Each structure stands twice: as C-alpha cells, then as structure tokens.
2 protein chains.
Amino acid sequence: MTDEPLAFLPPRHDHDACIADALDRAERLCADRGERLTELRRRVLELVWSGHAPQGAYDILDALGQTRGRVAPPTVYRALDFLQAQGLIHRIESLNAFIGCPAPERRHSGHFFICRRCRTAAELDARAIDRAIDREAGRLGFVIEQRTVELLGLCAPCREAEATAAPGPTGRA
Amino acid sequence: MTDEPLAFLPPRHDHDACIADALDRAERLCADRGERLTELRRRVLELVWSGHAPQGAYDILDALGQTRGRVAPPTVYRALDFLQAQGLIHRIESLNAFIGCPAPERRHSGHFFICRRCRTAAELDARAIDRAIDREAGRLGFVIEQRTVELLGLCAPCREAEATAAPGPTGRA
DNA sequence: ATCAAGAATGTTATTTTATAACATGCTGCC
DNA sequence: GGCAGCATGTTATAAAATAACATTCTTGAT
C-alpha cells in the first residue's frame with residue numbers, strides 16, 4: 001500500500017553514508033541527464049543533506065561562507081533552484097527551508113512529516129494520500145501542477161520524550 | 001464521502017453576500033467565545049475576503065492605508081494572527097498569503113486547490129484526504145499538530161481558457 | 001589553439017515578508 | 001476613578017528572496 005524509502009531513521013545512524021549516497025546518486029542522475037553538478041551545486045546539496053532536518057537558504061549561505069569566502073544570496077538560491085529543478089531537493093513551504101530527496105530518480109512531490117521538536121522531516125511516498133487528493137481534484141475538474149503536503153507535529157520518540165519530562169530534543173543527525 | 005462548503009464558486013456571483021456572511025459569522029463566533037472582533041480586526045477580515053484569492057499581508061496593509069492613514073506591518077500581522085487563531089482565516093504557506101475560511105465554526109485545517117491563473121482558491125473539506133494522511137501518521141506513530149495541504153494548478157474554467165487561446169484570466173470576484 | 005555562445009557564478013542593490021521591543025491608548029471591572 | 005489587561009501604535013530590524021548587470025568558465029565549431 002505504501003512504500004517508505006526512508007521515513008524516520010533512527011536518531012543515530014551512519015549519516016555520512018546518507019550524504020555519500022545522496023551525492024553519488026546526484027552525480028549519476030545529472031550525468032544521465034546531461035546536467036552539470038558543479039562544485040558549488042554539489043557542495044550546496046551536501047549542506048542540505050547535513051542532516052534530516054530542513055535547512056534554510058541562509059543556513060546554507062552561512063555554512064558556505066565558512067569554506068569559501070563571502071557568499072551572496074543569489075549564489076545559494078540559484079544552486080537551490082537547480083537542485084530543486086532536478087528533483088534532488090524539496091522545498092518545505094511551511095518552514096521556508098529545503099530538504100534532500102531520498103528518491104530523486106523518480107519525479108514526485110513528497111509528503112512530509114516534520115517533527116517540531118527534533119526538526120527531523122520524513123518524506124513518505126504515500127500513494128494513498130495522492131489518490132485521495134486526485135479524487136478530489138477530479139471532482140473539481142482541477143488539474144494539479146504542484147502539491148504541497150506538510151504535516152507538522154511530533155515524531156514517536158519526541159512524543160514519548162515530551163510525555164515523560166521535557167529535556168532537550170533527541171538530536172537526530 | 002465529501003462535503004464541499006464552497007469549492008469553486010462561479011466566477012461571477014454576489015460576492016458582497018460572501019463578505020457580509022463572513023463578517024456576520026465572525027461577529028457571532030467571537031461573541032460566543034468572548035473574543036473581541038474590533039473595528040481593525042473586522043476591517044482586516046473584510047479585506048481578506050475582498051475576493052476568493054489569497055491576499056498577502058502587505059496587500060492588506062496597503063488597502064488599510066487607503067482608509068486609515070499610515071499603517072505599520074505589526075498592526076496587520078497582529079490582526080491576521082488573531083483571525084487565524086479564531087479560525088476565521090487560513091494561511092496559504094506556498095503563497096505567503098491569507099484566505100477567509102468559509103466554515104470557521106468548526107476547527108479544521110483546510111485543503112486548498114489554488115488556480116495559478118485566476119488565483120482563486122477553493123477550500124475543500126475532504127475527509128478522505130485527512131483519513132489517508134491519518135493512516136500514514138498512525139503507521140509512523142506521528143502526532144499531527146498542523147496540516148498543510150495545498151494543490152496548485154488550474155481550475156476547470158481556466159484550463160479550458162488556456163487550452164483554447166491564452167487571453168486574460170477569468171477574473172473571478 | 002582560438003573564438004564565440006551559452007551557461008554558471010559573482011556582485012550590488014533592492015524587494016518582500018515578518019517580528020522584536022517598547023510606548024500609548026482603550027475597556028471593563030471593582 | 002483607577003488599575004489591570006488587552007489592543008493598537010511606532011520604530012527599528014530581521015529574515016527570505018529576487019532583480020539587474022558583470023565576469024568567468026565550458027564547450028563545441030573552426
């Protein structure tokens with residue numbers, strides 16, 4: 001009924017492997033498409049993948065500024081635009097932020113479950129949700145061009161943590 | 001299976017009635033709750049309801065500026081915050097804009113179908129969509145606190161118009 | 001190798017959206 | 001009438017995004 005390419009990963013996992021995998025796939029995907037994954041774009045993608053929490057454009061800008069000298073907003077936004085156009089990242093509208101896509105090979109719009117506590121976002125490939133949406137669109141004669149499905153709340157570990165006491169967030173990679 | 005309080009209204013309808021109805025219900029709802037629908041808040045709500053297209057905060061600010069003199073952003077944002085807290089308006093995340101809620105009496109998060117051409121947004125009460133989402137949340141053990149479901153595309157009239165030639169938008173109220 | 005065309009990046013300035021912090025004013029209650 | 005709490009006004013600034021133009025890099029044709 002539903003495939004979950006990633007959903008919520010355990011708080012502590014080998015995140016370097018996530019990054020390496022994402023970059024590898026991006027390389028291959030761009031090569032296949034004849035697109036150029038330049039050093040800058042690669043670096044921005046890497047920064048977006050620095051965790052499983054959505055990253056703001058200015059977070060990335062600041063991080064870029066660490067290695068390269070002074071960087072201006074358009075530099076980052078253009079890279080983000082490219083990555084988004086290639087389906088390598090998704091924009092989270094409700095957070096003005098970006099997150100790496102775990103399945104960039106197939107074009108899709110994701111469904112995001114985002115924890116307000118640990119800030120982790122899980123992208124689901126929930127066909128059932130799209131089907132329900134498509135049915136409504138059909139009834140209206142509406143042609144969908146862009147989907148935004150973002151659910152904010154508490155992931156299971158954080159819900160428990162918040163139920164018990166209320167110490168710091170889980171601190172997922 | 002689905003109730004549609006409004007869906008897409010015909011392009012030309014008695015929109016003054018929409019506004020009057022929205023304001024009436026807001027008055028009653030606030031009275032019932034012991035909340036104060038002040039002149040300012042009422043006026044901002046009226047401006048949000050100036051059409052069935054989402055309005056930006058600064059659009060409202062400018063419109064307010066016409067009648068009252070100089071108005072500063074916090075004035076508008078505070079009124080919008082209040083209206084949102086009372087469920088009288090919804091925020092459309094993907095547009096940074098606000099739209100009147102056709103069914104403020106019952107707390108809910110809406111599902112929005114937004115036409116990129118005529119800019120009309122229809123709020124559906126599509127239980128089937130929420131059910132599909134709830135099922136996924138259940139599988140994850142995720143507790144949803146805030147839903148954002150926004151579908152951008154073309155409404156039926158605009159799709160036809162765009163198929164034929166490509167003149168101006170429908171111009172819905 | 002050289003050059004031209006197009007793509008990518010750099011640079012500067014500005015726009016758009018939103019909030020912080022503090023002052024003033026209004027309203028209802030005692 | 002005074003005060004407590006809410007609402008609004010005011011000033012300044014933060015945060016997010018883009019416009020417009022300059023420069024550099026890449027690639028393919030010659």
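Only a predicted model underlies this, so the values are computations on that prediction, with no experimental measurement involved. Per chain, numbering begins at 1; letters A, B, ... match sequence-line order.
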To the nearest angstrom, how far is L64(A) atom CG from dT11(C) atom P?
13 Å

Interface residues of residues 34-48 of chain B with DNA chain D (non-hydrogen, below 4.0 angstrom)
R36(B), T38(B), L40(B), R41(B)

To the nearest 0.5 Å, what is the distance between CD on Q55(B) and CG on L95(B)?
11.0 Å

I'd like to know if D21(B) pairs up with R25(B) as an ion pair, taking the criterion as any Lys NZ or Arg NE/NH1/NH2 lying under 4.0 Å from an Asp or Glu carboxylate oxygen.
yes

Would the number of heavy atoms belonging to other residues, nucleotides or ligands and lying under 6.0 Å from CZ of R107(B) be above 12?
yes

Using ring centroids (six-membered ring only for Trp), state whether F112(B) and H90(B) fall under 6.0 Å.
yes

Can you measure R68(A) atom CZ to dT11(C) atom C1' for me and round it to whole angstrom units?
15 Å

Between L151(B) and I114(B), is there a side-chain heavy-atom distance shorter than 4.5 Å?
no

Please set out all donor-acceptor pairs under 3.5 angstrom arising from side-chain atoms of residues 72-88 of chain A, sequence neighbours excluded.
unit_1: T75(A); atom_1: OG1; unit_2: A72(A); atom_2: O; d: 3.4
unit_1: Q86(A); atom_1: OE1; unit_2: R33(A); atom_2: NH1; d: 2.8

N/O donor-acceptor pairs under 3.5 Å from side chains in residues 141-149 of chain B, not counting sequence neighbours:
unit_1: E145(B); atom_1: OE1; unit_2: R116(A); atom_2: NE; d: 2.7
unit_1: E145(B); atom_1: OE2; unit_2: R116(A); atom_2: NE; d: 3.4
unit_1: E145(B); atom_1: OE2; unit_2: R116(A); atom_2: NH2; d: 2.9
unit_1: R147(B); atom_1: NH1; unit_2: D130(B); atom_2: OD1; d: 3.1
unit_1: R147(B); atom_1: NH1; unit_2: D134(B); atom_2: OD1; d: 3.2
unit_1: R147(B); atom_1: NH2; unit_2: D134(B); atom_2: OD1; d: 2.6

Are a donor atom and an acceptor atom from the side chains of H52(A) and E123(A) found within less than 3.5 Å of each other?
no

Residue pairs meeting salt bridge (Lys or Arg N to Asp or Glu O under 4.0 Å), one or both in residues 42-64 of chain B, sequence neighbours left out, come to E27(B)-R42(B), R43(B)-E46(B)

Think T75(A) has a side-chain N or O under 4.0 angstrom from the OP1 or OP2 of dG10(C)?
yes

Tell me the interatomic distance from R78(A), atom CZ, to dC21(D), atom C1', rounded to whole angstroms.
11 Å

For a stem of at least 3 consecutive Watson-Crick or G-U pairs with distances under 3.5 Å, i pairing with j, i+1 with j-1 and so on, which stems involve DNA chain C?
C:1-30 with D:1-30

R70(A) has an atom CZ; how far is it from atom C1' of dT9(C), in whole Å?
15 Å

Please indicate whether R119(A) has more than 12 foreign heavy atoms, meaning atoms of other residues, nucleotides or ligands, lying under 6.0 Å from its CZ.
no

Nucleotide by nucleotide, 5' to 3', does protein get under 4.0 Å of the base (B), only the sugar-phosphate (S), or neither (-) in nucleotides 11-19 of chain D, counting heavy atoms?
B----BBBB

CG of L80(B) versus P of dT16(C): gap in Å, rounded?
18 Å

So do the side chains of I89(A) and C101(A) get within less than 4.5 Å of each other, counting heavy atoms only?
no

Spacing of I92(B) atom CD1 relative to dT16(C) atom C1', expressed in whole Å
18 Å

